[in-house]
Amino acid sequence: MSEKIENLLGENRTFDPPSSIVENANATKEWFDLAEQDRLAYWQKQALERITWYKEPTEILDDSNSPFYQWFKDGELNLSYNCLDRHLETDGDRVAFYWEGEPGDTQEITYQDLYERVCKLSNGLKELGVKKGDRIAIYLGMTPEIVISMLACARIGAVHSVVFGGFSAEALADRINDAEAKVVITADGAWRRGDIVPLKKNVDDSLKLTDHIESVVVVKRTNNDVDMVEGLDYWYHDLVDKQDSTCEPEVMNAEDMLYILYTSGTTAKPKGIVHTQAGYLTGVTTTHSAVFDVKEDDIYWCAADCGWVTGHSYIVYGPLANKTTSVMYEGAPNAPDEKRLWSIVEKYKVNIFYTAPTAIRAFMKWGVEHPQAHDLSSLRLLGTVGEPINPEAWMWYHENIGSESCAIVDTWWQTETGSIMITPLPGITSTKPGSACGPMPGIDAIVVDEKGNEVSKGEGGYLAIKTPWPSMLRTVFGDEKRYIDTYWSKYDGMYFAGDGAKYDDDGYFWLLGRVDDVMNISGHRISTAEVESALVAHESVAEAAVIGRADEISGEAIAAFVTLIGGFEGNDELITTLRQHVSDKIGPIAKPKSIVITNDLPKTRSGKIMRRLLKDISEERKLGDVTTLANADIVSELQTRSSESADE
Ligand code: PRX
């Protein structure tokens with residue numbers, strides 16, 4: 001890590017905010033002043049101004065039972081109402097989504113259309129017996145129905161659990177079981193680079209591993225054959241077409257559950273991060289307006305997937321509550337070719353574009369001729385999220401996509417934080433390539449040492465949040481102890497984010513990646529323990545150790561080291577089988593890029609696998625003292641095998 005810190009600190013280019021944005025920016029310096037004077041008053045102001053309430057809250061924060069904080073707890077509202085109904089009188093004809101399918105089909109969905117489609121599905125779900133508080137799994141590709149399903153749940157008070165369409169049947173079943181979901185909304189398939197991801201087939205397989213599901217709703221998208229079981233499976237169109245196009249929104253308490261979203265932690269079992277209603281909506285609407293500086297006539301595109309938190313906060317709830325016109329794209333960025341995203345930017349004259357560093361590095365690799373083939377002059381603001389952006393990628397984005405004139409916002413946040421926490425504000429902050437700059441108003445983010453004391457400028461440590469914030473997670477679903485242990489026990493009274501961070505001499509924040517056993521693969525968190533347990537579940541594997549090693553495109557790549565059970569032969573065929581096995585168990589995103597089969601794993605005398613050493617070996621670094629190992633002789637074997645192992 002220290003090498004990386006030096007390297008980043010060598011960065012001293014700064015970029016002033018573009019004057020065109022400064023003049024009329026949504027967020028101004030006064031925001032910081034108000035938040036500094038009175039943090040709670042600042043949040044109350046945001047909540048009252050941005051949300052339409054059935055009953056306005058009288059209390060801002062209840063911290064009497066920390067860390068189970070409650071925000072605006074006597075307020076009442078409905079998020080679907082806030083995203084749809086309240087816009088209709090003046091803006092029903094405004095486009096909510098310009099949707100672009102991977103094969104090239106399109107839909108222009110106005111707020112009125114979206115409202116009606118949400119109401120119809122809400123009524124359909126009620127017909128299936130869904131009630132307030134029930135959990136609904138959503139396992140869809142990026143078609144309009146994913147947004148409609150989320151909003152229909154919010155409308156009737158059901159709790160959605162969106163499971164990324166790239167996850168396997170088994171991963172889906174785990175999440176259904178943990179949340180005890182009773183309905184799953186899926187599709188026959190999803191388009192991905194011209195291929196069909198067999199979503200319904202995966203659901204069928206997952207149902208062999210769970211008995212919670214009472215109904216499966218199936219969107220027809222790819223027209224592949226699927227098995228439909230009477231009394232269990234319902235075509236979405238059959239269920240929805242006959243419904244009324246109005247549906248009274250359920251009055252929700254501010255602290256009722258809105259959604260569960262699973263994310264990886266340091267164990268093999270994913271954590272169900274719980275978000276509630278009013279604090280979450282306050283956080284996402286405030287940041288969506290402040291960070292992206294979205295104006296009424298802007299075309300905004302968050303190129304994420306609704307399966308991740310970025311899609312929840314910045315495709316669905318933030319933009320829709322803020323009455324934004326968005327672009328939504330179904331498919332892969334290189335389908336049919338590497339120009340696809342830029343052709344969409346040109347076609348819809350996109351002004352604001354939000355993506356991940358891993359995508360930017362892929363664009364760099366594909367070459368500048370692709371963006372250069374299109375007119376990108378409509379763009380005025382670019383964002384990134386998901387992992388540290390290396391200054392080189394930042395500069396490439398600035399020069400080749402932003403033609404050196406766009407504001408760039410590098411936004412740090414997490415599934416747990418619900419909304420953006422550390423970021424430049426486009427009309428205020430001078431940016432430095434690779435730095436997320438500083439905390440949002442009302443967010444007390446600091447860098448602390450091992451004991452929890454704030455470090456000085458120029459020093460590094462761990463990222464912590466000193467005080468609660470409205471869009472924070474409320475708990476881990478069904479596991480309060482894990483909530484406390486993971487986030488609130490390292491430091492007394494402070495939230496522990498699990499990221500390393502550093503202040504530079506000007507006090508700017510530099511994020512340095514995870515400090516726990518969680519990898520960041522293409523901006524998505526995968527736990528080493530989860531991949532290890534998938535590997536060990538294979539009949540041939542005795543022991544497995546998994547690490548993330550530096551990778552030019554995906555940030556980190558998964559590298560696995562396994563020992564075999566006697567009688568199995570370690571050959572290329574087995575390696576291919578094991579890689580596929582992990583993909584089947586978790587999803588293609590968790591497929592190890594390399595697997596090294598070895599006779600032993602490096603262990604301390606107390607039997608702990610030395611993952612750090614494996615990382616050094618993988619990244620071909622000079623190794624320090626290995627004499628504390630119980631089995632020091634394994635190191636040279638591993639070095640040889642690792643350098644011989646071919647990546648996928
Ligand atoms: O390590 C940080 C990294 O992504 C983690 C959160 O992952 P997830 O919950 O999947 O949410 C991703 C999208 C919000 C963080 O703990 N991360 C996210 N954004 C940044 C980042 N690291 C550095 N810079 C960022 N801008």
Side-chain angles (χ1 to χ4, degrees), residues 24-28 30-35 38-61 69-91 94 96 111 114-115 150-151 154-155 249 251-256 258-259 275-296 298 300 302 309 312-326 352 409 411 413 417-421 423 425-427 439-443 468-472:
N24 190 23
N26 291 352
T28 59
E30 282 78 67
W31 288 39
F32 285 98
D33 298 340
L34 178 58
D38 187 340
R39 185 174 59 90
L40 296 184
Y42 163 85
W43 281 122
Q44 183 185 37
K45 182 171 182 298
Q46 299 291 359
L48 295 181
E49 281 177 11
R50 295 182 186 282
I51 293 176
T52 305
W53 300 84
Y54 296 127
K55 177 170 174 280
E56 281 193 0
T58 57
E59 193 176 345
I60 308 171
L61 169 67
Y69 297 100
Q70 295 190 293
W71 285 86
F72 314 114
K73 75 172 195 194
D74 61 344
E76 289 175 357
L77 74 169
N78 180 284
L79 265 60
S80 162
Y81 179 91
N82 273 273
C83 289
L84 302 168
D85 310 42
R86 66 168 170 164
H87 307 322
L88 298 185
E89 203 172 311
T90 52
D91 289 279
R94 175 187 290 275
Y111 274 91
L114 191 61
Y115 163 83
M150 291 164 75
L151 292 175
R155 192 164 192 89
V251 175
M252 303 299 286
N253 178 268
E255 282 294 348
D256 282 337
L258 172 67
Y259 69 78
H275 283 289
T276 58
Q277 314 266 334
Y280 177 74
L281 191 61
T282 304
V284 298
T285 49
T286 305
T287 49
H288 178 255
S289 169
V291 178
F292 301 110
D293 196 46
V294 188
K295 305 286 195 260
E296 284 253 318
D298 272 333
Y300 161 90
C302 168
V309 73
H312 284 59
S313 300
Y314 299 111
I315 294 177
V316 182
Y317 292 106
L320 292 173
N322 284 347
K323 215 172 50 182
T324 299
T325 297
S326 291
I352 299 162
V409 289
T411 63
W413 59 295
T417 69
S419 60
I420 295 168
M421 304 289 277
T423 177
L425 287 178
M440 279 290 294
I443 299 297
W469 63 101
S471 67
M472 63 191 289

Legend entry - side-chain contact (heavy atoms from CB on, under 4.5 Å) assessment of Tyr111 paired with Asp91: CA-CA 7 Å; Tyr111 274 91; Asp91 289 279; 5.6 Å; no
Inset, instruction - Any chance you could lay out the side chain to side chain donor-acceptor pair (under 3.5 Å) test for Ser289 and Asn26, step after step, and finish with the verdict? - result: CA-CA 7 Å; Ser289 169; Asn26 291 352; 3.3 Å; yes
Inset, instruction - Using the side-chain contact (heavy atoms from CB on, under 4.5 Å) rule, take Phe292 and Cys302 through it: C-alpha gap first, then chi angles, then the decisive distance, then the call. - result: CA-CA 10 Å; Phe292 301 110; Cys302 168; over 6 Å; no
Inset, instruction - Evaluate side-chain contact (heavy atoms from CB on, under 4.5 Å) for Asp74 paired with Lys55, printing each intermediate quantity in order. - result: CA-CA 8 Å; Asp74 61 344; Lys55 177 170 174 280; 3.8 Å; yes
Inset, instruction - Start with the C-alpha distance between Arg94 and His87, add both sets of side-chain angles, then the distance that settles side-chain contact (heavy atoms from CB on, under 4.5 Å), and finish with yes or no. - result: CA-CA 9 Å; Arg94 175 187 290 275; His87 307 322; over 6 Å; no
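Atom CD of Glu56 and atom CZ of Phe72 lie 11.0 Å apart (nearest 0.5 Å). Summarising the geometry, atom OG belonging to Ser471 is positioned 6.5 Å from atom CD1 belonging to Ile443; distances are rounded to the nearest 0.5 Å. His275 NE2 to Thr417 OG1: the interatomic distance, rounded to the nearest 0.5 Å, is 7.0 Å. Trp469 contributes atom CH2, which lies 13.5 Å from atom CE of Met440 (distance to the nearest 0.5 angstrom). Separating the OG1 atom in Thr411 from the CD1 atom in Ile420 is a distance of 4.5 Å, to the nearest 0.5 Å. The line from CG of Leu84 to CG of Leu114 is 5.0 Å long, rounded to the nearest 0.5 Å.
Between Leu425 and Val291, some side-chain heavy-atom pair lies under the 4.5 Å cut-off. Looking at Val294 and His288, their side chains come closer than 4.5 Å, going by heavy atoms from C-beta outward. For the pair Leu151/Leu320, a side-chain contact is recorded, criterion being any heavy-atom separation below 4.5 Å from C-beta on. Under the 4.5 Å side-chain criterion, counting only non-hydrogen atoms from C-beta, Trp31 is in contact with Gln46. Inter-residue side-chain proximity for Thr423 and Trp413 is flagged as unmet; no heavy-atom pair is nearer than 4.5 Å. Trp71 has its side chain out of reach of Pro57: every pair of non-hydrogen atoms, C-beta onward, lies at least 4.5 Å apart.
Ring geometry, Tyr54 versus Tyr81: the interplanar angle falls from 30° to 60°, so the pair is classed tilted.
With hydrogens and angles disregarded, a donor-acceptor distance shorter than 3.5 Å links the side chain of Lys295 to the backbone of Asn24. No donor-acceptor pair closer than 3.5 Å links the side chain of Tyr259 to the backbone N or O of Met150. Judged by distance alone, with hydrogens and angles left aside, the side-chain atoms of Thr52 form no donor-acceptor pair with the main-chain N or O of Asn82 at under 3.5 Å. In terms of modelled atom types and a separation under 3.5 Å, the side chain of Asp298 and the main chain of Thr325 share no donor-acceptor contact. Judged purely by atom type and a 3.5 angstrom limit, Asn322 has no side-chain atom pairing as donor or acceptor with the backbone of Thr324. Here the side chain of Thr286 pairs no donor or acceptor atom with the backbone of Gly283 at under 3.5 angstrom. Under a 3.5 Å cut-off, the side chain of Asp293 and the backbone N or O of Ala27 do not form any donor-acceptor pair.
The shortest non-hydrogen separation linking Trp43 to Gly442 is NE1-O, 3.1 Å. Across every non-hydrogen atom of Leu281 and Ala321, the tightest pair is CD1-CB, 3.9 Å. Minimum interatomic distance between Lys73 and Glu255 (heavy atoms only, all atoms of both residues): CB-CG, 4.3 Å. In terms of heavy atoms, Ala47 sits closest to Trp53 at O-NE1, 3.1 Å. The minimum heavy-atom distance between Gln277 and Asn253, with the atom names listed, is CG-O, 3.5 Å. Heavy-atom minimum distance, Val409 versus Pro426: CG1-CD, 4.3 Å.
Aromatic pair His312/Tyr280: ring centres not closer than 6.0 Å.
More than 12 heavy atoms of other residues, nucleotides or ligands sit less than 6.0 Å from atom NZ of Lys323.
For Arg155 and Asp85, the salt-bridge test passes: some basic side-chain N is under 4.0 Å from an acidic carboxylate O.
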